[in-house]
Amino acid sequence: MSTYSLQVNGQSVDVSVDDPATPLLYVLEQNFQLNGPRFGCGLAQCGSCTVLMDGKPIRSCITPIEFADRHSITSLEGLRALEGLPNPGALHPIQEAFVKHQALQCGYCVSGPIMYGYAFVRDNANPTRADIENALSGLLCRCCAHSRMIDAIQSYAKENAR
Amino acid sequence: MKPKNPFKLDGALPLSEKALEALNHLEPSRRDFLKAAGVMMIGIGVGAATADAQNPLNPSGNVDATQIDSWVAVGADESITVFAGKAELGTGMRTLQTQLAAEELSVPVENITLVLCRTGVTPNQGLTVGSLSTMTQFGAGGLRVALDTARDALYQLAAQWLNVSTDQLVVTDGVFSISGGDPSYTVSYGQLVEGRRFNLPVNSKAVPNNPSTWKVLGQSVPRVDIPSKAKGVFQYVQKVRLPGMRHGRVVRPPALGAHVQSIDKSVLNDLAGNPQVIQINDYVGVVADTEWHAILAASALATGITWSAGDAFPNQADLYTYMTQQPSRDSLTVNSGDVDQVMASATKVITAQYRYPYQMHGALASSCAVADVRGGVGQAATVRVWSATQGVYNMRTVLSNLLRIPTANIEVVFVEGSGCYGHNGADPVTHDAALLSQAIGRPVRVQYSRRDEMTGGEHYGHPMVSNEKVGLDANGTIIAWDYVNTLMQRGEGAAIGNAPGNGIPGSLAGFPTAQVIPTTTPPNNPTTYNNFSNNVPSYVTGSINGVSFGTGAVMSQRVLNKIVASPLWTAWLRSPDRLQNTFAHESFMDEIAASLGADPIEYRLRHLSDPRFINVIKTVAQAASWVTRPSPRNITPFSQPGEGRGFSCVLYEGVDGYCATVAEVFVDVQTGIIKVTKVTTGIDTGPVINPDGLRNQMEGQVIQGISRTVYEEVKFDRATSVITSKDWVSYPVLKFGDVIPEINTVLINNLNAPVTGAGETTITTVAAAIGNAVFDATGVRLWQIPFTKENFLAAKAAQGN
């Protein structure tokens, strides 16, 4: 049994896990009861397990817990906390953009587009539509809400640039 | 019109201690629900309170759908709880049903609490399938008539209370007042009902609110579930957690049809998590304390099992030839009796064959369910399952047969999974969780691996071979249409006949699978018209005994359907068979028009008789700036080589909404890469319920339709009987970064027509529109899905182009 120090959505917690290869996703699901990162494929092919590690999007389904030791993890639930915004239970502006554009159907995939979109807009002001499509490249949305998701991220980027 | 409390949805809470508690003690009966809603059990209306009224559930856990109390409860606190039986599969049915209740009862959307799909609690409305939910809920036996009966009862009560006639009443946000009277003289629903039961039967003749007066329906009410899904707190079935729950994984035969010969359980000896093996005939699973331990145990266990060889598979390359050589179960949808004779008199006969592969639902989430089976088998055992099933009552019966436990002891709770698009792994994984939980007597959660989902979980969409033949007169008008479609089936899902063996887990556990029994005599002529599978082309009269039910003009017609046994498991996949048949009919119509040098839309209109259909086609053609000319296009110095446009249309299921689509493509004839650059698609499904929700559905279906047309085909290996499409690399689909077209959606808000569905309508037209556009661009006809670059180049070479 090894103990790992994680900072999850702003809270520092030590977790004990017997297998250092245990993917981070299962720790977030079982130890932290998070609903935001979701198992889609377990192969880093779809993106529905995406979280931010030290601000960068990673696929938690293939990230061993030992690699997350002493790192900061942010899931969909914690985006507001990451930016120190008040009322952490409310929607982050990028999530508000997804609501405004009604940019999903079943919504299971949405950690991928929101997390990659968030990180890309943070690092690239005023992105074009093609830039955003590129940043999301390889992510899957099987209900095919692609256009609305790109619209939502673009409108968030415009709002963010103000 | 934003809901005030979008986070208060059933199933939308984060997993707090309270939520865990609620999951563990889910309402055992309708009565507790009503108590929770502040509803007391006192009869009003016809009949006084009776002992029965104290317990609206009969002992079998069925809900009496003839009583409005089974559909709607009005609390003394003005809350309105609606019980409905059509599931949310990602298409917005939760919001739509909430809108319907708010409209018919004249209350704000946020006053409605909707309880969806729970045995013993919601009425049994069958399966959520086939683009039929909207039509069902607005139809004679659906939610709408129950709401309207309740509304009429409220008017009666208010008239008595305020001592006026019902036609003097006005109602706003659930409060009655007298038209032109003292505005402070009012009575609310909560005051009238005081939390009592209505005790009234559903009046099937109750009149709906007129669409021209709609205030909530017809509006782009935002989806009630999107905020919690975007925030990440929404509870999918994958996130149901029970105290003491263990995690299960299945170990499917590597080759389809292989049998267990031996299991060496010692491979688990050194593994953590106390893994336990469960074997029932060829059904093998393992449970452990955590999901990761279950995953490790399942992969170790797979190395300890010796399997026999699998079933014989055809060669993938010969699949379509193989299909047409198998013994078949035959039926006729239409047969005018004169097709051979009229065909013989034709000036010209045209034939073509279209081929459609096995395809996957490819649910983004690997399917998951949680089951809690206690007490083994028989009368003393109990079952609770949390499942993304399309039919909770069918699931209950299947589980009763699978587990040998009476239905009265089984409760099935619907919890959303990811978008399902038909019979994906949701039902099979529920059977898996139930079998494993029954074996260990504790709650078990099973989530498939991606490979489990794709090769041993879901049932694939039907492959089809379509043989088209028409006869033309001297003017080029179609005078006879002869269509033969051959499709493959295996199992079709355990909900068919409520037979566990019609699904993968039950079959492995030893339950029999329904076989395709070939017919030995020619099929009888049909006595009723049923174009549910869109096997009848739009351009024939669809006549049965001299009465026309179709949308077209061609009188001499025959549609022969052949079903043959499939080596792979199959079931419904979004627009099942309607898409395959429409791909054939609409591509063929384009071929006929091209052979005559006719514009493809004009040529279609020559053969159509239905004014609504004609209107949709003309409206979409105009929206797409369609230029009248034949295909393929002439390459001029002013035109871009490789650009083309194509058309397709359908009356979905023969009754369920009109759709027309124009696709524009760019084809790189050297590489064979097809890019869909713009799609204009229009729909007439009667009155539009939620314009933005409808557009969202249409857009999703356009892109999913492109994915299925250009990318998707289930691959298998004959030598090993293995399905080789096992992940998103070996089963490619459209991804972010691939070309996404500009999409122009055209809504025809037809207030004079009945409400129909839209969940599968648009996608039905997409494949043919793309294929016709490729022909327009290049002169190459694509007869086989998918339109990969390899298939395009092969077709181009074969056509000497």
Side-chain angles (χ1 to χ4, degrees), chain A residues 17-19 21-23 26 29-30 33-43 45-48 75-79 89-92 94-96 98-100 102-114 116 133-134 136-150, chain B residues 14-15 88-92 220 222-223 225-227 229-236 238-239 241 272 290-293 295-296 361-366 368 416-421 447 449-450 692-693 696-697 699-704 706-707 727-729 733-737 740 742-743:
Chain A
V17 180
D18 62 349
D19 180 358
T22 305
Y26 299 116
E29 274 196 349
Q30 287 166 24
Q33 307 227 325
L34 289 179
N35 286 359
R38 299 153 192 157
F39 180 92
C41 65
L43 304 164
Q45 292 175 353
C46 74
S48 55
S75 68
L76 284 177
E77 293 98 323
L79 273 179
L91 296 170
H92 182 274
I94 192 172
Q95 293 166 328
E96 283 175 355
F98 271 65
V99 174
K100 181 181 156 210
Q102 297 282 289
L104 53 82
Q105 289 190 19
C106 83
Y108 196 89
C109 70
V110 86
S111 282
I114 289 183
Y116 278 85
E133 287 189 52
N134 215 23
L136 270 48
S137 185
L139 295 173
L140 295 182
C141 168
R142 191 63 173 148
C143 297
C144 297
H146 302 78
S147 308
R148 285 170 181 250
M149 289 179 173
I150 295 161
Chain B
L15 264 284
E88 175 61 81
L89 307 177
T91 61
S220 291
R223 286 263 302 266
D225 49 347
I226 286 184
K229 286 176 170 175
K231 180 65 184 171
V233 297
F234 187 85
Q235 187 196 14
Y236 295 90
Q238 284 81 1
K239 300 291 185 176
R241 305 168 178 98
T290 67
E291 186 162 15
W292 183 241
H293 288 151
I295 290 167
L296 296 178
H361 302 77
L364 188 88
S366 292
C368 180
E416 273 188 68
S418 72
C420 84
Y421 330 115
Q447 183 165 19
S449 69
R450 181 52 29 194
D692 188 65
N696 199 349
Q697 278 307 297
E699 291 162 12
Q701 288 176 63
V702 164
I703 299 177
Q704 197 179 64
I706 293 168
S707 183
D727 57 23
W728 294 118
V729 172
V733 300
L734 185 144
K735 303 181 289 295
F736 273 103
I740 295 164
E742 177 190 345
I743 303 172

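Convention: sequence-line order gives letters A, B, ...; per-chain numbering from 1. The analysis underlying the following values was restricted to heavy atoms, covering all of them including side chains, and did not include hydrogens, waters or symmetry mates.
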Please assess Leu364(B) against Cys106(A) for the test side-chain contact (heavy atoms from CB on, under 4.5 Å), listing each intermediate value before the final yes or no.
-> CA-CA 10 Å; Leu364(B) 188 88; Cys106(A) 83; 5.8 Å; no

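- Counted by atom type alone, His293(B) and Asp19(A) present zero donor-acceptor pairs between their side chains at under 3.5 Å.
- In this structure, Arg241(B) CZ and Glu29(A) CD are separated by 6.0 Å, a value rounded to the nearest 0.5 Å.
- For the pair Tyr236(B) and Asn35(A), the minimum side-chain heavy-atom distance is 4.5 Å or more.
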From CA spacing to verdict: side-chain contact (heavy atoms from CB on, under 4.5 Å), Cys41(A), Asp727(B) = CA-CA 8 Å; Cys41(A) 65; Asp727(B) 57 23; over 6 Å; no

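- In terms of modelled atom types and a separation under 3.5 Å, the side chain of Arg450(B) and the main chain of Gln45(A) share no donor-acceptor contact.
- Among the candidates Cys368(B), Ala272(B), Gly362(B), the residue making the largest number of heavy-atom pairs closer than 4.5 Å to chain A is Gly362(B).
- Between the side chain of Gln102(A) and the backbone N or O of Arg223(B) there is at least one donor-acceptor pair closer than 3.5 Å.
- Inspection of the Gln697(B) and Gln105(A) side chains reveals an N or O donor paired with an N or O acceptor under 3.5 Å.
- Taking CZ of Arg38(A) as the start and OG of Ser418(B) as the end, the distance is 10.5 Å to the nearest 0.5 Å.
- Counting heavy atoms from C-beta outward, Phe736(B) and Ile150(A) have side chains that approach closer than 4.5 Å.
- The candidate from Gly47(A), Gly78(A), Cys144(A) with the greatest count of non-hydrogen atom pairs under 4.5 Å with chain B is Cys144(A).
- Looking at Gln447(B), Lys239(B), Gln238(B) one by one, the single match for side-chain contact (heavy atoms from CB on, under 4.5 Å) with Phe39(A) turns out to be Gln447(B).
- Rounding to the nearest 0.5 Å places CH2 of Trp292(B) at 11.0 Å from CG of Asp18(A).
- Side-chain atoms of Arg142(A) and Ser707(B), non-hydrogen and from C-beta on, do get closer than 4.5 Å to each other.
- When all heavy atoms are compared, the tightest approach of Leu140(A) to Leu734(B) is CD2-O, 4.1 Å.
- Between Leu136(A) and Lys735(B), every side-chain heavy-atom pair lies at or beyond the 4.5 Å cut-off.
- Looking only at distances, a side-chain donor or acceptor of Gln95(A) sits under 3.5 Å from a matching main-chain atom of Ala230(B).
- Heavy-atom pairs under 4.5 Å with chain A peak, among Leu296(B), Asp692(B), Thr91(B), at Asp692(B).
- Using a 4.5 Å cut-off between heavy atoms, Ile706(B) makes no contact with chain A at all.
- Val729(B) touches chain A through backbone and side chain together, each having a heavy atom under 4.5 Å away.
- In this structure a side-chain-to-backbone donor-acceptor pair under 3.5 Å is missing from Lys229(B) to Tyr108(A).
- A distance of 11.0 Å separates CG in Leu43(A) from CH2 in Trp728(B), rounded to the nearest 0.5 Å.
- By the 4.5 Å heavy-atom criterion applied to side chains, Glu133(A) and Ile740(B) are counted as neighbours.
- Each of Gly693(B), Gly419(B), Ser366(B), Gly92(B) has some count of heavy-atom pairs under 4.5 Å with chain A, and the biggest count is that of Ser366(B).
- Considering every non-hydrogen atom in both Ser147(A) and Ile703(B), the closest pair reads OG-CD1, 3.8 Å.
- With chain B as partner, the option from Val110(A), Thr22(A), Ile114(A) having the largest number of non-hydrogen pairs under 4.5 angstrom is Thr22(A).
- Comment: Glu699(B) engages Arg148(A) in a salt bridge, judged by a side-chain N to carboxylate O separation of less than 4.0 angstrom.
- Within the 4.5 Å cutoff, side-chain heavy atoms of Cys143(A) are placed close to those of Tyr421(B).
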